[in-house]
There are 2 protein chains.
Amino acid sequence: MAYRETEKMRNRKVQTRKRILECAFERVTSGGFRSAQITHVAKAAGVATGTIYRHFESKEELFAEIFRTATQREVDKVAEALAGPGDAVARLEAALRQFAARALRGPTMAWSLIAEPVDPRVEAERLLYRQAYAEHFEKAINEGIESDALPTQNARQSSTCLVGAIAESLVGPLSPAQSGNSQALSQTTQTQLVESIVCFCIQGLTGTRR
Amino acid sequence: MAYRETEKMRNRKVQTRKRILECAFERVTSGGFRSAQITHVAKAAGVATGTIYRHFESKEELFAEIFRTATQREVDKVAEALAGPGDAVARLEAALRQFAARALRGPTMAWSLIAEPVDPRVEAERLLYRQAYAEHFEKAINEGIESDALPTQNARQSSTCLVGAIAESLVGPLSPAQSGNSQALSQTTQTQLVESIVCFCIQGLTGTRR
DNA sequence: ATAATAAGTGAATCATTATTCATTTCTTGT
DNA sequence: ACAAGAAATGAATAATGATTCACTTATTAT
């Protein structure tokens with residue numbers, strides 16, 4: 001006998017896989033899933049198209065993984081903000097700001113994650129992650145209710161509304177039809193946008209004017 | 001000379017166009033845009049595929065028209081509710097209920113209009129209509145502010161949040177992954193869903209607990 | 001060096017559908 | 001009935017892009 005899988009080869013495979021993922025990621029970051037055709041990704045990663053299929057079941061699977069990675073990153077940031085200092089309201093507010101700010105900083109990827117039309121496989125992932133966001137918010141809302149920082153409410157439902165309100169508010173500004181045109185939103189406009197979102201959402205949660 | 005376009009023919013053309021539109025509409029209603037291939041639509045309408053192209057520039061154009069028709073219907077209903085009796089808050093609440101109730105009554109079409117992945121041409125239409133909803137809400141909010149039924153706020157932004165909150169709250173329940181499975185949401189669940197949405201939204205607008 | 005095995009290649013293939021267009025059928029006015 | 005035009009037809013084509021697979025190259029152990 002002769003060839004036996006070795007550490008070196010295992011590493012190399014992992015590296016290649018990672019490189020493909022990174023290049024595809026980059027492509028999505030700059031032009032959305034739509035612009036990440038296998039041929040292009042392969043070229044960018046310096047491998048043959050066939051090689052992609054040695055590392056991923058299908059394009060949808062590759063995309064799903066990109067989606068997961070990118071969204072998990074955002075979910076983590078939100079979770080982080082929710083775990084920060086202050087009472088429930090302050091933490092929820094911080095999380096909303098975090099979410100919006102990051103989306104505006106990386107508009108193309110944000111749009112891809114929030115609103116770009118994608119294959120069913122990836123859409124399923126999106127649905128899952130929207131729930132992940134909602135769950136984090138829900139937890140904080142429940143804490144708020146317990147500590148009397150928030151009035152009694154359907155925490156799950158409120159959290160879904162939060163996700164929806166913020167996503168919708170960003171879809172317009174993020175959508176390629178808008179952000180594709182030269183000038184991005186001015187700093188001022190962005191700030192106002194975030195302020196109004198936060199204002200509405202916190203009111204929706206607390207039922208009190210600030 | 002001989003053939004000259006006549007009233008009869010003009011009528012027939014209009015009829016055919018309408019029939020194509022209706023059949024495509026029906027198809028979308030029962031299975032989303034995805035399931036409305038030209039071949040199927042043609043068969044359903046009892047015409048050849050080529051005939052579709054005598055009446056519509058392209059599939060996307062046909063879809064865009066279906067989208068417009070269907071959404072305009074919903075926008076009108078919302079506008080109607082907003083023009084009803086009561087103060088601004090009551091009317092906004094009625095509009096939200098109307099929107100949610102209709103979506104839950106026709107879940108597949110609602111999902112197609114709100115969240116189904118569609119071609120860019122149709123996506124553009126969707127963006128436009130989301131703004132149409134927002135504009136109607138915005139108007140009512142401004143009236144509410146003037147009559148002191150609502151506190152001062154960024155009406156445009158609040159209206160966008162309304163649209164987002166309600167859409168997001170419905171996407172989960174409407175999505176084929178959910179509603180595709182046999183049993184639709186129970187009456188009770190639906191009512192609770194609508195109540196919580198309305199509650200959050202009205203609080204977001206008024207800043208007061210009810 | 002060689003055999004055994006795996007990884008990599010990329011042109012060719014496949015799959016899916018929208019769209020076209022040469023041909024046929026239908027309408028109309030004389 | 002006939003000719004001029006318009007509308008309808010649907011099989012063939014086009015376009016897009018994912019996926020395959022026969023073949024080449026690389027790695028390992030003896």
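Lettering follows sequence order; numbering is per chain, from 1. Reckoned from all heavy atoms, side chains included, excluding hydrogens, waters and symmetry mates.
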For [X] and [N], give me the distance from atom [atom1] to atom [atom2], rounded to whole Å.
X	N	atom1	atom2	answer
B/Ile38	C/dT16	CD1	P	18 Å
A/Gln37	D/dA15	CD	P	17 Å
B/Glu7	C/dT28	CD	C1'	15 Å
B/Phe63	C/dA18	CZ	C1'	10 Å
B/Lys8	C/dC26	NZ	P	12 Å

Choosing from [options], which nucleotide comes nearest the side chain of [X]?
X	options	result
B/Thr49	C/dT19, C/dA4, C/dT9	C/dT19
B/Thr51	D/dA18, D/dT9, D/dT28	D/dT9
A/Arg4	D/dT28, D/dT20, C/dT17	D/dT28

(request) Take atom CD of B/Glu60 as the centre, draw a 6.0 Å sphere, and report whether it contains more than 12 heavy atoms from other residues, nucleotides or ligands. (result) yes
(message) Can you confirm whether B/Gln37 is buried at CD, in the sense that more than 12 heavy atoms of other residues, nucleotides or ligands lie under 6.0 Å from that atom?
(response)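 Atom CD in B/Gln37 is packed in, count exceeds 12.
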(request) Give a yes or no on whether the backbone of A/Arg156 and the side-chain of A/Asn154 come within a donor-acceptor separation of less than 3.5 Å. (result)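 Yes, the answer is positive, given that a donor and an acceptor are paired below the 3.5 Å cut-off.
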Note: [X]-[Y] ion pair, threshold 4.0 Å (strictly below):
X	Y	answer
B/Arg102	B/Glu74	yes
A/Arg34	A/Glu116	no
A/Glu7	A/Arg10	yes
B/Arg91	B/Glu80	no
A/Glu57	A/Arg121	no

(request) Quick one: list whatever passes ring-ring contact (aromatic ring centres under 6.0 Å, His included) with A/Phe67, sequence neighbours left out. (result) none
(request) Mind listing the residues from residues 52-62 of chain B sitting with a heavy atom below 4.0 Å of DNA chain C? Number order is fine. (result) B/Tyr53, B/Ser58, B/Lys59
(request) Mind listing the residues from residues 9-30 of chain B sitting with a heavy atom below 4.0 Å of DNA chain C? Number order is fine. (result) B/Met9, B/Arg12
(request) Give one of base, sugar-phosphate or nothing for A/Thr6, where a contact means two heavy atoms less than 4.0 Å apart. (result)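 If one applies the 4.0 Å heavy-atom cut-off, A/Thr6 turns out to touch the sugar-phosphate alone, with no base involved.
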(message) Quick check: on DNA chain C, is the nucleotide nearest B/Ala36 upstream (toward 5') of the one nearest A/Ala48, or the reverse? Name the residue that is more 5'.
(response) A/Ala48
(message) By nearest heavy atom, map A/Arg34 and A/Gly50 onto DNA chain D; which one lands nearer the 5' end?
(response)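 Final value for this comparison: A/Arg34.
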